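Residue numbering restarts at 1 for every chain, and letters A, B, ... go by the order of the sequence lines. The basis for the numbers below is simple: all heavy atoms, side chains too, and nothing from hydrogens, waters or symmetry mates. For clarity, every value in this text was computed on a predicted model and none was experimentally measured.
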Protein chains: 2
Amino acid sequence: MADRMDELDRKILLQLQQDTTPSIEEIARSVGSSKTPVWNRIRKMRDRGIIKREVAILDADVLGFEACFFVLIRTSEHDAEWQNTFLQALRDRAEVQEAHRLAGDIDYVLKVRVPNARAYDTFYQALISEVKIHNVTALLSMEEIKSTTALPL
Amino acid sequence: MADRMDELDRKILLQLQQDTTPSIEEIARSVGSSKTPVWNRIRKMRDRGIIKREVAILDADVLGFEACFFVLIRTSEHDAEWQNTFLQALRDRAEVQEAHRLAGDIDYVLKVRVPNARAYDTFYQALISEVKIHNVTALLSMEEIKSTTALPL
DNA sequence: CGTGAAATTGTCGAGCC
DNA sequence: GGCTCGACAATTTCACG
């Protein structure tokens with residue numbers, strides 16, 4: 001899929017991962033090319049799904065989302081129906097920014113973003129009342145040291 | 001800071017968190033307003049830092065970044081110098097997409113994105129050779145159930 | 001890949017509610 | 001103060017050499 005990517009494509013993506021606001025002409029200049037080829041490449045990468053989407057990143061602190069939890073979940077249930085209910089619950093809750101199914105001891109990890117600890121508790125109570133969960137550990141973030149959506153191209 | 005935000009601002013942000021590609025006119029229509037007010041509000045929210053940045057989200061799988069680890073770190077060192085070295089190491093490594101300092105038992109959690117398990121090991125060896133770390137647990141993601149950068153506005 | 005032209009969009013000012 | 005309208009500038013988009 002991504003085999004037909006050369007150094008120029010890579011440079012373009014490095015830029016777009018950081019900032020999509022500059023014009024194509026500016027991007028072209030900064031990667032040492034010109035308008036048309038850059039535009040064609042961006043279009044192709046969008047079509048191929050290499051560029052999944054373009055979004056605005058908001059400041060959580062400014063907007064009052066001051067609490068971020070990593071939630072480690074162990075479950076005893078592993079049948080398909082339980083899993084479907086659980087996954088749907090995660091997808092339906094906007095507080096859940098990330099959810100991963102894991103290999104090993106712990107079954108799932110979530111990243112949950114809420115205004116405060118009380119809001120987390122509300123979320124947590126709602127979740128465990130919806131689906132049966134064996135064991136939960138919540139890790140509270142004190143400080144976001146680094147946060148990027150960029151892949152290490 | 002964000003107190004001067006009304007329902008219209010919220011609707012605009014909900015849109016931009018999902019997709020920044022539509023024109024201001026389209027966004028205006030979808031939130032039931034018109035070009036100028038929407039444009040003015042977006043500008044203000046950028047200036048106030050509510051909108052931190054606008055970026056392209058790439059597809060990790062398509063690009064061959066098929067391994068994602070959550071790394072739980074305990075340390076014995078807590079002095080300022082150690083911490084500075086550690087934080088700088090995290091910021092310098094592009095594989096580290098997120099890094100949080102935690103409250104409690106575990107001191108830090110990282111989200112690390114790499115092409116494969118071998119690349120993770122390389123990263124891990126490099127990190128522990130740079131800074132002294134007491135205890136590390138790596139959780140390997142088998143499946144990304146959900147992934148969004150959107151705040152639950 | 002470069003040129004250039006058409007369509008669309010971003011940007012902003014003047015007057016109105 | 002924010003909104004509508006309208007105009008101009010900049011950019012995106014695309015055809016052709």
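- Contact annotation: side chain of B:Lys35 to base of C:dT11, donor-acceptor pair present below 3.5 Å.
- Spacing between atom CD of B:Glu25 and atom P of C:dA7 amounts to 17 Å, rounded to whole angstrom units.
- Put simply, CZ on A:Arg29 is 18 Å from C1' on C:dC1, counting in whole angstrom units.
- What separates CG of B:Leu8 from C1' of D:dG1 is a distance of 15 Å, to the nearest Å.
- To the nearest angstrom, P of D:dG2 lies 10 Å from CG of B:Asp6.
- The nearest whole Å value for the distance from the CZ atom in A:Arg43 to the C1' atom in D:dT11 is 17 Å.
- In this structure, CD1 of A:Ile42 is placed 16 Å from C1' of C:dC1, rounded to the nearest angstrom.
- Atom CD1 in B:Ile24 sits about 5 Å away from atom P in C:dG10, given to the nearest Å.
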* To do: Could you check A:Glu7 against A:Arg10 for salt bridge (charged side-chain N to carboxylate O under 4.0 Å, His left out), going step by step and ending with a plain yes or no?
  => CA-CA 5 Å; A:Glu7 199 51 27; A:Arg10 214 180 121 265; 2.5 Å; yes
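- One finds a side-chain N or O of A:Trp39 lying less than 4.0 angstrom from the OP1 or OP2 phosphate oxygen of D:dT13.
- Between D:dC3 and B:Arg41, a contact under 4.0 Å exists linking OP1 or OP2 to a side-chain N or O.
- When every heavy atom of B:Lys35 is checked against every heavy atom of B:Ala28, the shortest pair comes out as N-CB, 3.8 Å.
- For A:Thr36 against C:dT3, a side-chain N or O and a base N or O form a donor-acceptor pair under 3.5 Å.
- Across all strands, A:Pro37 comes closer than 4.0 Å only to sugar-phosphate atoms, never to a base (heavy-atom distances).
- Between the CG atom of B:Asn40 and the P atom of C:dA14 there is a distance of 15 Å, given to the nearest Å.
- Under the 4.0 Å criterion applied to side-chain N and carboxylate O atoms, A:Asp6 and A:Arg41 are assigned as salt-bridge partners.
- Ring geometry for B:Phe69 versus B:Tyr120: interplanar angle under 30°, hence parallel rather than tilted (30 to 60°).
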